[in-house]
Each structure stands twice: as structure tokens, then as C-alpha cells.
Amino acid sequence: MTMMTGRRAALAAGFVLAAPAVRAQGAWPNRPVKIVVPFPPGGSNDVVARPLAERLQQRLGQPVIIENRPGAGGAIGATSVAQTAADGYTLMVSSSSFATTSVSQRVPWGVLENFTPVAWLGRSPFIVIVNNDLPARSVRDLVNLAKERPGRIDYGTSGPGGINHFVTEYFCQRAGVQMNHVPYRGTGPAVTDLVAGHIQLMITTLPSAAGVVRDGRVRLLAYSAQGIPEGSPPAPLVTESGLDYDISIWWGLFAPHGLPAPLLERLNAEANAALRDPDMARLYQGEGARPSPATPAEFTAMLRADIARWREVAQLANIRID
């Protein structure tokens, strides 16, 4: 009779051998790592995630795969990540929209309740741009004009509840003015209508309007924060006008909640090492961003303040997407 040993013997005896959930943490990673991008290919989150994945793959010695899962302002992809095991094999790259979605939509997760902030990847100021026919050549001019014409200056956004909507309502709240929101299906159509004069104002990212700014088809009034990428068109900061408005868009790396501390420390260290690569900085500059190496604690503190700000903005401006 043939003797059965090991797994075959156990199966014959009616036992099921459970696969180990996670091998010893020192052996991580021993299979491919997936980074979910909850937006379509080609957007800023995708542009930030792909060079990071390439460098993590080199550093970790395992394939690092990008999976785009767009929909519902990033909520669909984020929900899928929140439901996976916190074993270091499923990560997510998202941006400020992650925070605004959490306070404006009904979602089954919270940013800090269901995710582990791993690494602060980058940040970039917004730009304040106006149609060339608008008689405003500074932020102070714009605010004075908006006070003279309450509700009569139209501003465009990529859609209701998007980051452009939030940052412009925040501008209105800080300046004490009322302007009219005109939502579009994406940033491109809004920029086109700004050039044509159908709307008068946008607060958006530099890459989304770089061509029309460079060609002088719109007027650049100011940047919303420090960290202006090298080679960007010159303009003052909004704060130089006397307005207390200092805001950046950010991108970050997340894991499901409960990521073990050793894996968190390893992933943060590897991501920060990738961010210090000069080639990585040049790639991010194409998105108007600067790498922002930070500890998980620093990233978490920033997120906590960001979410609190956007929750207040949403309440005051009645921003709710159901």
C-alpha cells in the first residue's frame, strides 16, 4: 500500500489545511502588491501613483500593480480597499477628493476610521484664474468686485462636491462673498467656458489650465499656497492680498485600517525613499506637485485638520451629494 504523507495525508483524513493569512512580517512581501487608484487612468491620482509603483517594485522586489477602480468621486474604489485585509498587499493612492467625498457623500467608511494613512506623497497649490474681461487684476480686486456684485460672478468646477467646488466655496467663506456655482462634467469644459467668458472664475490645479494660462487666454491672479513648482508662471500668494486662505491639494498612500505597525513603518520608509528620487520629483512636477515625505503621524494630523475644514465648508455651503 502506498503511504501518504504531508498535505495528501491530511486531506485524506478529512482535515483542511488553512493557508497562513500573512507570513512572518519579515518575509513581506512574498507576492505582488496592488495599488488601487479610485479614479480613471490619466488623472492626477494615476499620474502620482504610477511612478511610485515603479519605484516600490524596484525596492520591494515584487510586482506592484496599479488597478484603476473609478466611480462615485472615488468612493467605489475606496470602498473596495476598506473591505480588504490589512496585510500590506492592497494599498490605495488618493487625493484631497478622498476627504471631500467623505464629508459630502453617504459612504460606508471614514477616512481615519477605515484606513491607515501610510505616506504623504505630494501637494500642490491651486491657482485662482479669471476671464480676461473681468475687471480684476488681483485677489483684492476680485473680492471687492464680488462684494459689489453678490451672486453675480459665476465660478466653474469639475462637478458638484468635487475638490474645485470645496476650495472655491472655502474662498468665498474666507472672503465673505457670494458667488454662483456652475458645475461641469469635468475640468476641461469649465476651462473652455472660462476662456469664452461664460463663467468668470475658476480655482483649479495648474496642470488642468496650464495651456490657457501660458497663452494668456485667462488671467492668473494668485496661487493658493506655498510650494509653487519651478518654472510656473509668476503670481503672488492669495495670503499676500490679506486674505486668510492657504490651501493645497494633496496626494497620499493608504492601506486598510489595522495595518500592523512593522508594515506601516516599512511602507512609509520605502515610499519616502522613492519620493527623494530626483527623477520622481521631476515627474511630480509635471502634475504641478512637489513630493512631501512625512511620517504617518504627520500625514494623519494633516488629514484630521483637512477633514474638519471640509466638513465645516460643506455645512456652511450645503454641499451634499446623495
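As a basis for the values below, the full set of heavy atoms in this structure was taken, side chains included, without hydrogen atoms, waters or symmetry mates. A quick note: this is a predicted structure, and the numbers were derived from the prediction, not measured.
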V167 backbone acceptor or donor facing Y245 side chain under 3.5 Å: yes

Is there a chain of hydrophobic side chains (I, L, V, M, F, W, Y, each step under 4.5 Å between heavy atoms) that links L220 to L237? yes

Between I129 and V213, the two heavy atoms sitting closest are CG2-CG2, 4.0 Å

Is there a donor-acceptor contact under 3.5 Å from the side chain of E298 to the main chain of T295? yes

Pairing donors with acceptors under 3.5 angstrom, does anything connect the side chains of R123 and S292? yes

Backbone N/O of G110 and side chain of N114: donor-acceptor pair under 3.5 Å: yes

Verdict with supporting geometry, W250 and L121, side chain to side chain contact (heavy atoms under 4.5 Å, CB included): CA-CA 8 Å; W250 55 259; L121 300 177; over 6 Å; no

Reference residue V93; test side-chain contact (heavy atoms from CB on, under 4.5 Å); the match among L253, V36, V118: L253

Salt bridge present between R149 and D154 (N-O < 4.0 angstrom): no

Heavy atoms, side chains only, cut-off 4.5 Å: are Y89 and N30 in contact? yes

With the side chain counted from C-beta on, respond yes when V130 and Q200 share a heavy-atom pair under 4.5 Å apart, and no when they do not. no

Can you check whether L264's main-chain N or O pairs, donor with acceptor, with N268's side chain at less than 3.5 Å? no

Just do the side chain to side chain contact (heavy atoms under 4.5 Å, CB included) check on I127 and T205 with the steps written out, would you? CA-CA 6 Å; I127 55 173; T205 59; over 6 Å; no

When you compare the side chain of S224 with that of V128, does any pair of heavy atoms fall below 4.5 Å? no

In terms of the angle between their ring planes, are Y155 and H165 parallel, tilted or perpendicular, with boundaries placed at 30° and 60°? tilted

Specify the closest pair of heavy atoms between F39 and N68, including all atoms of both residues, with the distance to one decimal. O-ND2, 3.0 Å

Closest heavy-atom contact between A225 and P125? O-CB, 3.5 Å

Does any non-hydrogen side-chain atom of V33 lie less than 4.5 Å from one of L91? yes

Hphob cluster co-occupancy, I66 + L267, side-chain heavy atoms under 4.5 angstrom: yes

Separation of T239 OG1 from D244 CG (nearest 0.5 Å): 8.5 Å

Nearest-0.5 Å distance, CZ of residue R304 to CZ of residue F299: 12.5 Å

Ignoring hydrogens and angles, tell me if any N or O in the side chain of N272 forms a donor-acceptor pair with the backbone of P293 under 3.5 Å. no

Can R219 and D133 be said to form a salt bridge (charged side-chain N to carboxylate O under 4.0 Å, His left out), step by step? CA-CA 9 Å; R219 184 179 301 125; D133 292 335; over 6 Å; no

For I228 and R290, which heavy atoms make the closest approach, and how far apart are they? O-NH2, 3.2 Å

Side-chain heavy-atom pair I321, R106 within 4.5 angstrom cut-off: no

Which atom of Y170 lies closest to which atom of W310, heavy atoms considered: CB-CZ3, 3.9 Å

Do T116 side-chain atoms and P256 backbone N/O form a donor-acceptor pair below 3.5 Å? yes

Answer yes when E54 and R50 have at least one side-chain N-carboxylate O distance shorter than 4.0 Å, and no when they do not. no

Within 6.0 angstrom of R309 CZ, more than 12 heavy atoms from elsewhere: yes

Between S208 (side chain only) and T204 (backbone N and O only), is there a donor and an acceptor less than 3.5 Å apart? no

Checking side chain to side chain donor-acceptor pair (under 3.5 Å) for the pair S44/W251: CA distance, chi angles, key distance, verdict? CA-CA 9 Å; S44 70; W251 295 267; 3.2 Å; yes

Within the supplied structure, the quantity of interest is the number of heavy atoms (other residues, nucleotides, ligands) at a distance under 6.0 Å from R137 CZ; does it exceed 12? no

Centre-to-centre under 6.0 Å for F98 and F115, is that the case here? yes

If you define the side chain from C-beta out and look only at heavy atoms, does anything of V143 sit under 4.5 Å from V139? yes

Any donor-acceptor N/O pair, N164 side chain to I203 backbone, under 3.5 Å: yes

G161 and S104 have their tightest heavy-atom pair at O-OG, 4.1 Å

Once rounded to the nearest 0.5 Å, what's the spacing between atom OG of S80 and atom CZ of R69? 4.0 Å

Judged by atom type as modelled, is there a donor-acceptor pair below 3.5 Å linking the side chain of R55 to the main-chain atoms of D277? no

Hydrophobic clustering (ILVMFWY, side-chain heavy atoms < 4.5 Å, transitive) - are L112 and V81 grouped together? yes

Is atom CD of Q226 surrounded by more than 12 heavy atoms (other residues, nucleotides or ligands) closer than 6.0 Å? no

Between M92 and L56, is there shared hydrophobic-cluster membership here, with clusters defined by ILVMFWY side-chain heavy atoms closer than 4.5 Å? yes

Are the side chains of V47 and Y284 in contact, using a 4.5 Å heavy-atom criterion? no

With side chain to side chain contact (heavy atoms under 4.5 Å, CB included) as the criterion, how do T157 and V182 come out once you've worked through the C-alpha distance, each side chain's angles and the decisive distance to 0.1 Å? CA-CA 7 Å; T157 72; V182 182; over 6 Å; no

Hey, what do you get for CG (L275) to CD (E270), rounding to the nearest 0.5 Å? 11.5 Å

Flag the pair F126 / Y223 as yes when their ring centroid distance falls below 6.0 Å, and as no otherwise. no

Has the side chain of T100 got a donor or acceptor atom that lies under 3.5 Å from a matching backbone atom of I163? no

To the nearest 0.5 Å, what is the distance between OG1 (T84) and NE2 (H257)? 13.0 Å

Can you list the steps and then say if L60 with R266 is a side chain to side chain contact (heavy atoms under 4.5 Å, CB included)? CA-CA 10 Å; L60 298 177; R266 172 86 185 276; 3.6 Å; yes

Verify same cluster id: M202, L243 (apolar side-chain graph, 4.5 Å): no

Are any non-hydrogen side-chain atoms of L259 and D87 less than 4.5 angstrom apart? no

To the nearest 0.5 Å, atom OG of S96 lies from atom CG of D306 at 5.5 Å

For the residue pair S95 / N45, report whether a side-chain donor-acceptor contact shorter than 3.5 Å exists. yes

